[in-house]
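Written out below as structure tokens is the structure these notes cover.
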Amino acid sequence: MKRQQTDKIARIAITIVAALVVIPIILVILFIIINGIGTLSWEFFTQPPGNGMKEGGIMPALLGTIILTFGTAIAAIPLAIGAAIYLAEYAKENRLTRWVRIAIVNLAGIPSIVYGLFGLGMFVLFMGFGTSIIAGSLTLGIMTLPVVISASEEAILAVPQEFRVVSLSLGATKWQTIRHQVLPQALPGIITGIILGLGRAAGETAPILFTVAAFYLPELPRSAFDQTMALPYHLYVISTQVPGMPMDVQYGSALVLLLLVLSMTLIATVVRTGMRRKREW
Amino acid sequence: MSATKLETSTPDVSPPVRWGEKIIEGLIWAAGLSTILIVALIFIFLLKEGLPTFLDIPLRQLFGKRWYPIEGMFGLASLLAGTLLVTAGAVIITVPLGIVTAIYLGEFAPPWQREILKPLIEVLAGIPSIVLGFLGWVALAPIIQNAGAPTGLTAFTGALILAYMALPTIISISEDALYAVPKEYRDGALAIGATQWQTIWRVVLPAAKSGIVIAVMLGIGRAIGETMVALMVTGNAANIPAFGADIMFQPVRTMTATIAAEMGEVAQGSLHYSVLFGIGILLFLITFAINSLARKLVGGESVRRKRTGF
Amino acid sequence: MTNDKIAVNNLFFTYPDGTEALSNVSLNIAANQIFVLFGPARSGKTTLLRLLNRLSDLLEGARHQGDILFNGESVFRRNANVIELRRKISMVFAIPTPLPGSIRQNLTYGLRMAGIKDKVLHEARVETSLQQAGLWDEVKDRLDTSAFALSGGQKQRLCIARSLALEPEVLVLDNPTSGLDPLSTAVVEESLYDLKEQYTIVMVPHSVQQGARVADVAAFMLGGELVEVCTADKMFMNPQDQRTEDYITGRFG
């Protein structure tokens with residue numbers, strides 16, 4: 001009965017390892033919530049930092065991150081959906097398409113700090129945008145492309161082929177078929193991909209280090225060519241760059257960032273399941 | 001073969017050209033091809049700023065041990081060592097954890113557990129790296145120091161956090177790979193009296209090997225490129241760690257962390273500035289190679305759903 | 001030039017993987033009749049149907065040789081208006097496939113895509129086409145409810161009505177009663193008799209029996225080749241080819 005014993009031991013070991021993966025995730029989230037929840041207050045959300053950032057709130061950083069997220073959306077969405085439609089509906093199986101796919105796979109793999117360097121080289125310096133919201137948004141937008149392209153392409157390919165054939169057989173053109181049948185049905189998947197991509201962009205620090213983020217800037221930005229504070233960078237600054245920072249401010253900032261990003265993940269999931277349920281086929 | 005052209009009685013009248021659609025389709029085409037352009041632009045701009053690194057610094061010095069930018073010494077060896085150490089550590093931790101978790105999810109977990117665990121792992125993928133870096137800084141580093149290391153900010157601290165960050169990718173790819181193993185293999189093994197564990201160990205895992213190799217590679221790609229965690233918890237010491245049993249418990253500095261830490265302080269156009277871009281070029285090339293290879297292993301187009309057209 | 005609505009001349013068709021689906025098929029389809037195309041599975045019937053309005057274009061890499069004339073003009077000619085062609089030769093598929101949306105939206109889809117926005121015309125076409133397909137009485141009070149809520153038989157009649165709403169010249173039916181119960185099948189067949197007054201109908205039947213019931217002219221296909229084409233009476237009573245007789249009498253297929 002040695003084999004059965006091995007089987008039992010293996011089973012227990014595997015379960016323990018799985019627990020080793022899962023328990024820290026729960027601990028991390030609980031740890032941040034427990035330590036940070038006490039800091040959250042109306043003032044924390046609505047006040048700029050004061051007294052060398054040791055007091056006050058995170059308003060400019062939070063607002064900056066929200067602005068950057070919108071900027072990212074504007075930069076990424078049209079290009080990403082266009083590329084996804086191209087891949088799913090127009091691309092022939094040829095060398096050009098292979099190159100596009102290789103490009104997307106590699107965009108997904110480029111380290112975020114390299115995006116930061118690229119943004120600095122191209123948008124900040126070469127195009128002369130300076131350290132600005134527009135430079136940061138474009139950098140984050142390009143970084144977000146592969147996530148949104150892949151999710152959108154998958155959603156478009158998931159639309160049953162019958163609907164395309166029927167639409168074409170009724171005299172619709174290829175674009176009309178895409179516009180009236182494919183895209184409406186792929187929309188939940190596309191929206192999910194967009195929100196997930198934006199959620200990731202909102203939490204990124206490395207790409208905004210040299211392209212937009214301000215160390216301390218109590219005023220709000222006035223135009224797309226201004227710098228702004230951003231929550232991820234703010235958390236980095238107050239935890240490592242400012243000596244004597246009160247811990248509760250640090251935990252509070254971490255909690256807000258975590259909630260912001262996780263709530264976007266949650267919304268994406270809800271959109272996906274909610275709209276799937278509405279679907280009739 | 002093509003259509004035989006026949007004389008027709010009526011004159012050929014071309015269908016009306018739909019200009020609006022032509023424009024939209026042109027834009028879609030342009031959007032698709034722009035992805036190639038973007039990758040090219042990224043590389044071009046890295047080269048534009050970083051090329052002096054490889055032209056002005058003798059290779060011998062560039063891959064030397066001493067990284068003292070203030071004295072004009074740009075030896076990348078210590079940074080490469082730091083990245084190598086942290087990445088290797090992360091992969092050694094994350095791959096077994098990821099694969100075993102995938103096995104648990106696929107073979108042992110009852111449905112209700114899967115319902116909870118899968119979203120939880122997705123949540124992990126969603127936690128910003130700066131938050132994990134912060135946690136490493138305030139919580140994990142003190143623990144490691146208390147455990148007896150001279151400092152809590154070590155290669156191991158970074159590797160451990162990076163391992164967890166890479167887990168969602170590893171788990172999901174391993175799950176796909178395990179799932180793709182034909183059911184007949186499994187049934188066959190069970191039918192001849194193998195236990196569940198024997199079946200997994202002797203049949204399922206070997207069959208899923210290529211998928212697992214891909215998981216490892218993407219894990220490496222992820223760990224090499226991660227910046228904020230490396231910056232905050234690996235100690236920021238640009239020297240080659242002394243070889244020994246405690247090699248993982250010494251402070252190091254990765255390539256990514258160096259760029260993040262120093263770019264803010266350098267003068268544009270200086271050699272130091274160029275070298276930071278030069279490090280970016282190396283990172284770009286390394287991750288490009290890893291991802292291209294992983295993609296090749298996936299089998300290119302197999303991911304794409306084959307359409308019958310009819 | 002004949003008076004045939006459709007003339008298929010020496011048509012060959014090869015799938016992207018190299019298998020030949022049609023081999024030297026020639027046949028003529030006169031206006032205002034029901035032309036039935038029958039034969040065992042994979043004999044090339046559906047392929048031929050989909051070539052008529054060039055839905056075959058969707059098969060990337062497939063090749064054809066020979067020609068199809070519609071009203072005397074090649075459907076493959078270089079500047080053929082394929083979009084217009086598909087409105088004139090309209091297709092109903094084996095599996096009823098409503099588009100997401102209401103019954104009304106389904107019926108007006110073709111018109112809207114053709115750029116026809118006239119609501120009065122929409123209303124008229126909705127009613128006429130539903131009546132022609134024998135569905136009007138069942139759905140006239142719920143035109144704005146989801147098309148997916150209809151039964152299988154109703155869905156298929158909706159699909160027929162959806163094609164008719166475009167007022168095509170030719171109605172192509174690919175096994176339109178495959179999933180239907182006998183009662184629904186009878187209703188569909190019934191409506192076909194009335195429809196041929198106005199349309200030319202090309203149909204792949206569900207069975208030899210159905211073919212015999214509805215056909216004016218029938219063609220028997222086997223392995224991508226046309227074995228025999230003649231009037232229905234002759235085909236089903238006294239076929240010339242031994243293979244046709246074997247198939248009709250149920251000796252194979």
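Computed from a predicted structure; not experimentally measured. Throughout, a chain's letter reflects where its sequence line sits, starting with A, and its residues are numbered from 1.
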With a 4.5 Å limit on heavy-atom distance, are the side chains of A:Leu170 and C:Arg86 in contact? no

What residues form a salt bridge (charged side-chain N to carboxylate O under 4.0 Å, His left out) with C:Lys196, not counting sequence neighbours? C:Asp216

Test item: C:Met113 and A:Thr173 side chains (from C-beta on) under 4.5 Å apart, heavy atoms: no

Flag if over 12 foreign heavy atoms under 6.0 Å of CZ, C:Arg42: no

Within this structure, what is the CD1-CG distance for the pair C:Ile83 and A:Leu168, rounded to the nearest 0.5 Å? 7.0 Å

I need the full list of salt bridge (Lys or Arg N to Asp or Glu O under 4.0 Å) pairs touching residues 95-106 of chain C, with sequence neighbours left out, sorted by first then second residue. C:Arg104-C:Glu123, C:Arg104-C:Asp144

When you compare the side chain of A:Ser169 with that of C:Arg50, does any pair of heavy atoms fall below 4.5 Å? no

What's the shortest heavy-atom distance between A:Gln181 and C:Tyr109, and which atoms? NE2-CE1, 3.2 Å

So with a 6.0 Å cut-off around CZ of C:Arg54, is the heavy-atom count from everything else above 12? yes

Could you check whether atom CD of A:Glu154 has more than 12 heavy atoms from other residues, nucleotides or ligands sitting under 6.0 Å from it? no

Toward chain C, the part of A:Lys174 with a non-hydrogen atom under 4.5 Å: neither

Chain A contacts: which residues in residues 155-174 of chain C have a non-hydrogen atom closer than 4.5 Å to it? C:Arg162, C:Ser163, C:Leu166

So, for A:Gly171 and C:Arg87, which heavy atoms are closest and what is the spacing to 0.1 Å? O-NH2, 3.0 Å

How far does CZ of C:Arg112 sit from NE2 of A:His180, to the nearest 0.5 angstrom? 7.5 Å

Those residues that, when tested against A:Leu63, pass side-chain contact (heavy atoms from CB on, under 4.5 Å) (two or more places apart): A:Ile67, A:Leu220

Step through the shown structure and confirm whether more than 12 heavy atoms of other residues, nucleotides or ligands are within 6.0 Å of CZ on A:Phe45. yes

Counting heavy-atom pairs under 4.5 angstrom with chain A, the leader among C:Leu111, C:Leu99, C:Ile95 is C:Leu99

